[in-house]
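Remember, it's 1-based here, ligands and their atoms both numbered in the order they're listed.
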Amino acid sequence: MITKPTMQHFASDNYAGICPEALAALLAANAGHVRSYGDDQWTLRAADRLREVFETECDVYFVFNGTAANSLALAALCQSYHSVICHQLAHVETDECGAPEFFSNGAKLLALAGEEGKLTPAVIEEAVTRRSDIHYPKPKVVTLTQASEVGTVYRPDELRAITTTARELGLRVHMDGARFANAVASLGVAPAELTWRAGVDVLCFGGTKMGLPIGEAVVFFDRRLAEDFAYRCKQAGQLASKMRYLSAPWLGILENDSWLRHAAHANAMARQLASGLAKIAGLQTLFPVDANGVFVHLPRVVEQGLRERGWLFYTFIGAGGARLMCGWDTAPETVDRFLDDVRALSALPASS
Ligand SMILES: *Cc1c(COP(=O)(O)O)cnc(C)c1O
C-alpha cells in the first residue's frame, strides 16, 4: 500500500516534523561563526530559559536523544553495583537496548508491575526491603516516566508520595520526561510542581516529541549530581560541537509557552480520538487518556483494514492493543478520517 508523503499517522509523536517556532529559532541561529561545544549565546540562553521555566537554579545539558539522556542521567546517579527501579513497561527497560546498563557499567534495572503504567510507593518499598543482603543489587534510584508509556500521568500528590518513600529508602529520583510537556499541559500545573518541588532530582526533558528537530535536555535539580556530567556526555558521543543547533530550537518553543500550546493540542486530539472510538461499538480504550496517547484493542479485521488503507501505528508497545499517538501537528481532520475508516471497517462482517 502506498502511503502519501503528506499523510499523517498515529504511530508516534516523533513522526511529526519541526514546529514553526523551533524551526524559526533554528534558522535564526544559523548566522555567522560562534563558539562551539555549547559555549554560545543560544545554548546559554536556552539553559537560562529552562531555569526560568522551572523557577530554580538547575544544571542543564543538551543531548541528541532520549536513550542517551536517560542512560547518562541514570549512570550519574548510581554505581555499577546499584540497581534502578522502573516500571516493567518503562522505555529504559523495553526500548533502550540495554543502554542504561551499558552506560552505568552494569547497574541492574529492577522492573516492577503497576496499574496504568505507574509505580506506587508500595511496590517500590517491597522491591527495596525484600532483600538487604550483599548478593542483591543495591537499589539506588527510582525512575518514573511522565507521561507514562501507556499515556497516563502522575499527579503531583502521587509523585510526592513516591519521592517521600524513595527518600526514606535512600533512593534518588529520575524522571523520563520524553512527554513531559504533555503531562504539564494535561495537569495544568507549574513544571516545578511535577519535578523538584515533588522531589525529582533529575529530569530528562523531551524535546523531540514536542516539536524540536532533535534533542533532549537533561536537567539536574540537585546540582551536585551533575558533577563531571559534561565528561559523561563527551565520552558517550553526546557533546554536539555545533551545539547551537540543538539548543536554539528550545528557545523558540519555550517562547510564549508554545511548547504547552502544542502539547495541549496533541492531548486534545488524543481525547477527540478516544471519544470517537468509544462511540464505535465494542471499542474500549485500555487506559485513561491523560496525555497524547490512546490505547485500544482493534478487532483484527479493523486493524488489517486500517493498515491496508495506509495507516501506520504500532501494536507492540505498552500492554497490547494499538497505540495511537497524537503530535503537535495532528489535524482534527486526520482524527476524523481515521475514525471514518474505523467505523467503515467495523461495519464489515467480522472474520475473526
Ligand atoms: C521516545 C521516548 C524516549 C526517547 O527515545 P529516543 O528514541 O532514544 O529519543 C524515552 N522515553 C520514552 C518514554 C519515550 O517514549
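- Between E52 and R49 there is a salt bridge, since a side-chain N of the basic residue sits under 4.0 Å from a carboxylate O of the acidic one.
- Geometrically, ligand 1 and D176 share a nitrogen or oxygen pair separated by less than 3.5 Å.
- By the 3.5 Å distance cut-off applied to N or O atoms, G66 is counted among the residues near ligand 1.
- Within ligand 1, the atoms closer than 4.0 Å to a non-hydrogen atom of N65 are 8 (O), 9 (O), numbered from 1 in the order shown.
- Backbone and side-chain nitrogen or oxygen atoms of N14 are examined, and none is located within less than 3.5 angstrom of a nitrogen or oxygen of ligand 1.
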Note to self: Using side-chain hydrogen bond (donor to acceptor under 3.5 Å, both in side chains), reason through N70 and D176 one step at a time and then give a plain yes or no.
What the structure shows: CA-CA 7 Å; N70 284 334; D176 175 351; 3.0 Å; yes
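- Both the backbone and the side chain of T67 come within contact range of ligand 1, each with a heavy atom under 4.0 Å.
- Interface atoms of ligand 1 facing R179, defined by a heavy-atom separation under 4.0 Å, are 15 (O).
- One option in E216, K209, M325, H91 has a heavy atom closer to atom 15 (O) of ligand 1 than any other, and that option is K209.
- Each of the following atoms of ligand 1 lies closer than 4.0 Å to a heavy atom of E149: 13 (C).
- Ion pairing of D222 with R172 is present here, as a side-chain N (NZ or NE/NH1/NH2) and a carboxylate O approach within less than 4.0 Å.
- Ligand 1 is approached by N70 to a heavy-atom distance shorter than 4.0 Å.
- Under 4.0 angstrom from ligand 1, there are no non-hydrogen atoms of T208.
- Salt-bridge check for D157 with R160: failed, with every basic side-chain N at 4.0 Å or more from each acidic carboxylate O.
- Residue E115 places its CD atom among 12 or fewer non-hydrogen atoms of other residues, nucleotides or ligands, all under 6.0 Å distant.
- The six-membered or imidazole ring of F338 lies near that of W311, with a centre-to-centre distance under 6.0 Å.
- Other residues, nucleotides and ligands place no more than 12 heavy atoms under 6.0 Å from the CD atom of Q235.
- Not one N or O of T145 is nearer than 3.5 Å to an N or O of ligand 1, by distance alone.
- For F62 and W42, the distance between ring centers is not under 6.0 angstrom.
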